[in-house]
Amino acid sequence: MDFFLFFLWVLSALTIPYVDAKYDYGRDVRRALQKRQSAQPAITTGAPRVNGTIPLRKEIREFQGYHEQWSLYILALDWMQFTSQDDPYSWYRMAGIHAAPFVDYGGVQALPDGGLNGYCTHVSNLFPTWHRPYLAYFEQVMYNIVQFIASLYPAGPRQIQFQQAAQTFRMPYWDWAAMPPSNQSLLPYSVGGEPDIVADGPNGEQLIANPLFTFTFKPLDPSVFPEFPTRLYNLFANNGNYSTWSNEAWIPDTSNNSYDSIESLHDTIHLAAGGDSGHMAIIAYSAFDPIFFLHHANVDRIFAMWQVLHNDSWVEPMAAVEPTRTISYGDSQNSSTNLTPFFVRDGQFWTSDMVRDHQVFNYTYSEVASKNRSEVITAINKLYTDFSAATMSIDPGRRRHLRREGFMNSTKSGMGHNKRTKGAIWNKGGSNVPFVNRIIKAGRYRDWVANIVVNKHAMDASFKVYLFLGRIPDEISTWGSSPGLAGSLGIFAGHMAGSGKQRRLITGTIPLTSTLINRVYDEKLQSLDSADAEAYLRNNLEIRVVASNGTVVEPSQVDGLKISIVSSYVKAAKSNAELASWGRAASHFDLYAP
Ligand SMILES: *[C@@H]1O[C@H](CO)[C@@H](O)[C@H](O)[C@H]1NC(C)=O
Ligand SMILES: *[C@@H]1O[C@H](CO)[C@@H](O)[C@H](O)[C@H]1NC(C)=O
Ligand SMILES: *[C@@H]1O[C@H](CO)[C@@H](O)[C@H](O)[C@H]1NC(C)=O
Ligand SMILES: *[C@@H]1O[C@H](CO)[C@@H](O)[C@H](O)[C@H]1NC(C)=O
Ligand SMILES: *[C@@H]1O[C@H](CO)[C@@H](O)[C@H](O)[C@H]1NC(C)=O
Ligand SMILES: *[C@@H]1O[C@H](CO)[C@@H](O)[C@H](O)[C@H]1NC(C)=O
Ligand SMILES: *[C@@H]1O[C@H](CO)[C@@H](O)[C@H](O)[C@H]1NC(C)=O
Ligand SMILES: *[C@@H]1O[C@H](CO)[C@@H](O)[C@H](O)[C@H]1NC(C)=O
Ligand SMILES: *[C@@H]1O[C@H](CO)[C@@H](O)[C@H](O)[C@H]1NC(C)=O
Ligand SMILES: *[C@@H]1O[C@H](CO)[C@@H](O)[C@H](O)[C@H]1NC(C)=O
């Protein structure tokens, strides 16, 4: 497809039909910015510090409360999305660094056989580190646009206010694992809710097409996705080895404890956010969706938090299993591999070693600003334990507001249960309730997980593996929120060309404990102990695989698929200052093996 048509297609899909609903500055201001922009794209610095201090990237809901920064952010997104595609600072070219439309950026040439790949590193130990300069570069370009737009406000107190706010501007992140405040949707309303938005710009308030709007992703009930926080908690507490934590590549003889990775969890979010055919569900186009950067800023924040907890674990050499624009299959990828196309200065690229401390790009997040381990642990316990048994017996009363807001319906003490969805939120005040005592015994509980291996490119497109522990509705589109669903794993793939299509075994997990606890609560299961739970799972667990075109595919048609049930004893946390600790995984049975 012609690039211009492609661009229009992407824009029309993202921003709803009326593409001319951009902000009207009342005069031609574009040229003035172009003069101020660097003539040398891809030199990556991040944004400057402010009087020596490092500004925070904020969660989008909080960020929205900062009127000036929020307005400038919306205007800068609008600006980038309506910048001509031949401009290296356009949304089109910036998003294109990731993958489609597969063109060189910053003069960094593709390998002879790499022209149909993006620069991004997937199924790779460089997955978290490559995205760090990518985001910093995006942030720096956006920061420059923000400064420029702030300078356009008519001279006076308003201009001063906007210019001051612009100085500490950093891109926001979307925390998809945290329970949103009160009864808000998991996806912020500003992203999922409104196709138009009022922008308070230099030329007054105007209604413009919301540059964040994603029409494929409807507002969500967070309890539909209990596996997001559960998997995240487990990744913090139960995977301290960068090699297995960072990416989803299947490593032979890997411990049965470390099938999950930040990349695999990130994939599942892409699929949830992308719907079946949304851009977020297709690697090649995902960066065109504004939610991509909100999502990845959160992944980077999780990476920074994990680094504080596991400070001494770092990139170990690994042969590339997925080629990129500048890396061939089998090349060594290590901590000094170039993170292309991001230059430190002319001729020198950033490497993982150089971006190990995210503050090199002059941004940080509140949880890691002081790099204090116990502060990170406290934040994890505060944000990500709603569906985890790991902290079930501590912190009385903290969840009360959730019940009050109607997310769930507490019918018995000890637990709230949302009848509409599969999620359940533990009432942490309930440690003396008999129900909790059936889960946690002598400070320990058994954690159940489905370990999944599959060929990422089994279908040449993204697909989902669903596990059910209850009735499977006829209507596939309702599976995601079905009460019988134990969890799902999204495999993020697609549109790989040439050598990219090779067989690539990857791993991921679906946590089962939260659903099993529901069954104990419903008195369908006696306990989480080996004998009880294994028998229950053997008799009730069902697999379904759904292709991106919405059809069900037989597991035998999915190359490389293997699903094994394992469990570990977990020592629950006794206070918010500690994380639960996992014992060795015991394997129980193969739910599916070819
Ligand atoms: C980031 O901060 C460092 C240390 O203060 C400084 O050397 C560097 O120039 C800053 N980056 C930018 C883009 O200003
Ligand atoms: C940084 O310091 C300058 C000079 O003291 C001051 O004018 C400016 O407001 C400060 N910026 C911020 C964001 O505090
Ligand atoms: C919570 O949800 C109810 C019902 O959907 C709605 O009426 C109410 O305004 C919401 N509250 C907040 C704070 O969003
Ligand atoms: C981390 O895991 C990888 C892959 O299993 C292994 O090769 C490596 O030795 C581990 N690193 C450490 C420090 O244990
Ligand atoms: C690290 O990777 C680069 C290629 O990215 C390679 O040239 C170099 O030899 C590797 N170093 C080690 C120690 O493996
Ligand atoms: C790891 O710890 C060292 C020493 O405590 C500290 O200097 C460094 O900044 C830490 N690194 C990260 C990424 O937090
Ligand atoms: C880390 O934070 C905790 C809790 O705020 C505090 O008690 C402790 O002194 C801090 N540690 C360091 C090294 O600053
Ligand atoms: C909560 O559940 C009880 C018992 O099933 C029911 O009577 C009540 O109407 C429910 N409340 C809400 C708000 O759904
Ligand atoms: C849907 O996708 C699957 C898997 O790629 C394929 O086997 C099937 O033929 C497709 N069905 C339709 C109707 O396109
Ligand atoms: C992991 O689980 C599988 C069964 O799925 C088993 O064959 C294998 O021995 C286990 N590996 C370890 C290291 O325990």
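Whatever order the structure lists ligands and atoms in, that order sets their numbers, starting from 1.
In this structure Ser255 satisfies the side-chain hydrogen bond (donor to acceptor under 3.5 Å, both in side chains) test with no other residue, sequence neighbours excluded. In this structure, the side chain to side chain contact (heavy atoms under 4.5 Å, CB included) partners of Thr507, at least two apart in sequence or on a different chain, are Trp250, Tyr259, Val453.
Trp79 places a side-chain heavy atom less than 4.5 Å from the side chain of Phe148.
Tested against Leu505, the residues Val123, Asn455, Leu561 include a single side-chain contact (heavy atoms from CB on, under 4.5 Å) partner, Asn455.
Every atom of ligand 1 with a heavy atom of Thr45 under 4.0 Å away is listed here by number and element: 13 (C). Short contacts between ligand 1 and Pro48, defined as distances under 4.0 Å to a heavy atom of the residue, involve ligand atoms 12 (C), 13 (C), 14 (O). The Gly46 neighbourhood of ligand 1 comprises atoms 13 (C), with distances under 4.0 Å to a heavy atom of that residue.
No side-chain donor-acceptor contact under 3.5 Å links Arg231 and Asn234.
Applying the ring pair (Phe, Tyr, Trp, His ring centres under 6.0 Å) test to residues at least two apart or on different chains, the pairs with a partner in residues 336-355 are Trp130-Phe342, Tyr134-Phe342, Phe343-Phe349, Trp350-Phe361.
Look at Arg93 and Asp87 and you find no salt bridge, because none of the NZ, NE, NH1 or NH2 atoms lies under 4.0 Å from a carboxylate O.
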Is there any protein N/O under 3.5 Å from an N/O of ligand 10, and what does the full list of such pairs look like?
residue, atom, partner, partner atom, Å
ligand 10, 2 (O), Asn256, OD1, 3.3
ligand 10, 2 (O), Asn256, ND2, 2.4
ligand 10, 5 (O), Ser564, OG, 3.0
ligand 10, 5 (O), Asp590, OD1, 3.3
ligand 10, 11 (N), Asn256, ND2, 2.9
ligand 10, 14 (O), Asn256, ND2, 3.4

